[in-house]
There are 2 protein chains.
Amino acid sequence: MARFKGQAEYSVDAKGRTAIPAKMRSALSPDALGTFTLTKGFEQCIYVYPMDEWKIKEEEYGNLNTNNRDARHLVRMILMWAEEVSLDGQGRISLPKALSDYAGIGDKVLIIGAMDRIELWNPEHFATYLLEHTDDQETLAEKVMGS
Amino acid sequence: MARFKGQAEYSVDAKGRTAIPAKMRSALSPDALGTFTLTKGFEQCIYVYPMDEWKIKEEEYGNLNTNNRDARHLVRMILMWAEEVSLDGQGRISLPKALSDYAGIGDKVLIIGAMDRIELWNPEHFATYLLEHTDDQETLAEKVMGS
DNA sequence: GGAATTCTCCCCACTTTTCCCCACTTAGTC
DNA sequence: GACTAAGTGGGGAAAAGTGGGGAGAATTCC
């Protein structure tokens, strides 16, 4: 499993391309073949899954019971936004317009490593997000991992 | 498990590099391969985990369910600050800018051994921290380890 | 159906940063 | 007091990030 971490603010050029940090590229499994699936993330960001990780997610969605209205809806919502992109010779990907609109990404993007995925944020949105979630780490850690 | 101890005030050069004290380097497990993961510590310092220790932490985060809002936030908060660095030929690491900004580290750094991790402090911040936490060791020991 | 436009992708070029290596200074040891 | 190891500083090659040109495919418009 890929383990992404770290943060970086990169620019998005006029063609809608942005580089994936070298540190994260080197964390990629060779199975990913330089291909990612981008999709709508929670909290107005873009999730970037390496191909191999995405396969696992896809599997999970495939196993949901499609007779369940909520499951059906969830799968639609996730898949309709999913888009496959590949690294170019310079280690960049190009952001699909629908997704960068959703995330409000202009000419700057904040790239965050979050375990099995990379997240792309509008830097200002992220700052706001941080202000709205000020729970300190100790409390959170206790809530989530405690016991 | 590595057991770091001791303290030292070292300089940070113009390129943002700082040496890891030889005493601590020799306490490293060979499994760490001279690689560390730096991350945001409590009380405005930087935590430095040898790679082998970090792997254990990472494993825990990887098992969290990212469909849970709090878990998602926790993973972001921790991993976005995590950065992997390696010792150079002279036994130094280079401090990522985001972290040295957070810790307010300029051209001097206080290096403290703290069991399984090393901590990096702005020397003045640490002095202030000491003044603000004047409970004497006996009282503390009783509070924490008593009974 | 054909022409024009747009879009995508690949390649090249430039700038900045990072990393590796060499060298000097200081401290500690025999 | 010389030798060895530890800490500090800097030069230069290599890699990473950024921007843009141009060929070819796809789309649109007439």
Side-chain angles (χ1 to χ4, degrees), chain A residues 4-28 32-38 46 48 50-51 82-101 105-113 118-123, chain B residues 4-28 32-38 46 48 51 82-101 105-113 118 120-123:
Chain A
F4 300 110
K5 53 176 170 284
Q7 56 171 319
E9 188 169 322
Y10 275 22
S11 54
V12 179
D13 67 22
K15 294 180 179 178
R17 295 174 302 186
T18 189
I20 298 295
K23 290 249 174 74
M24 297 183 192
R25 285 202 310 263
S26 60
L28 280 174
L33 299 171
T35 303
F36 300 90
T37 297
L38 273 57
I46 301 176
V48 181
M51 200 229 279
E83 193 98 30
E84 198 171 301
V85 298
S86 293
L87 288 170
D88 70 9
Q90 277 72 251
R92 294 175 292 195
I93 58 173
S94 63
L95 305 178
K97 199 165 166 322
L99 285 171
S100 59
D101 283 351
I105 291 174
D107 60 352
K108 286 284 164 195
V109 60
L110 182 68
I111 304 177
I112 298 179
I118 297 170
E119 297 185 351
L120 306 181
W121 292 74
N122 171 324
Chain B
F4 301 110
K5 51 179 175 289
Q7 57 166 316
E9 188 170 324
Y10 275 21
S11 56
V12 180
D13 67 22
K15 293 181 178 178
R17 295 174 301 188
T18 189
I20 298 295
K23 292 250 176 72
M24 296 183 191
R25 285 201 311 262
S26 59
L28 279 174
L33 299 171
T35 303
F36 299 90
T37 297
L38 274 57
I46 300 176
V48 181
M51 199 231 278
E83 198 90 40
E84 199 171 298
V85 299
S86 294
L87 288 171
D88 69 10
Q90 278 72 251
R92 294 174 292 194
I93 58 174
S94 64
L95 305 178
K97 201 168 165 320
L99 284 171
S100 58
D101 283 352
I105 292 175
D107 59 354
K108 286 284 164 194
V109 61
L110 181 67
I111 304 177
I112 300 179
I118 297 170
L120 306 181
W121 291 75
N122 172 323

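Letters A, B, ... mirror the listed sequences (proteins, then strands); counts begin at 1.
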Thr35(B) side, atom OG1; Leu87(B) side, atom CG - distance, nearest 0.5 Å: 7.5 Å
What is the first contacted nucleotide of DNA chain C and what is the last, in 5' to 3' order, if contact means an atom lying under 4.0 angstrom from a heavy atom of chain A? dC9(C) to dC12(C)
Starting at CZ of Arg25(A) and ending at P of dA15(D), how long is that distance when rounded to a whole Å? 12 Å
Any non-hydrogen side-chain atom of Phe4(B) less than 4.5 Å from a side-chain atom of Ile112(B)? no
If you find the nucleotide of DNA chain C closest to Lys23(A) and the one closest to Gly89(A), which residue's nucleotide is nearer the 5' end? Gly89(A)
Could you measure the distance from the CD1 atom of Ile105(A) to the CG atom of Leu120(A)? Nearest 0.5 Å is fine. 5.0 Å
Using every non-hydrogen atom in the two residues, find where Ala82(A) and Thr37(A) come nearest and quote the distance to one decimal. CB-CG2, 4.0 Å
What contact category does Ile20(A) fall into here, base, sugar-phosphate, or nothing, at under 4.0 angstrom with non-hydrogen atoms? sugar-phosphate
When rounded to the nearest 0.5 Å, the distance separating CD1 of Ile46(A) from CG of Leu99(A) is 5.0 Å
Write down the protein N/O and nucleotide N/O pairs, taken from nucleotides 20-25 of chain D, whose separation is under 3.5 Å; answer none if there are no such pairs.
residue : atom : partner  : partner atom : Å
dG20(D) : N7   : Arg17(A) : NH2          : 2.9
dG20(D) : O6   : Arg17(A) : NH1          : 2.8
dG20(D) : O6   : Arg17(A) : NH2          : 3.2
dG20(D) : O6   : Arg92(A) : NH2          : 3.4
dG21(D) : N7   : Lys15(A) : NZ           : 3.4
dG21(D) : O6   : Lys15(A) : NZ           : 2.2
dG22(D) : O6   : Lys15(A) : NZ           : 3.4

One pair to check against salt bridge (Lys or Arg N to Asp or Glu O under 4.0 Å): Lys5(A) and Glu84(B). What are the steps and the verdict? CA-CA 9 Å; Lys5(A) 53 176 170 284; Glu84(B) 199 171 298; 3.3 Å; yes
I'd like to check Ile20(B) versus Leu28(B) (side-chain heavy atoms, cut-off strictly below 4.5 Å). Are they in contact? no
For the student: nearest non-hydrogen atoms of Thr18(B) and Ser11(B), plus distance: OG1-O, 3.4 Å
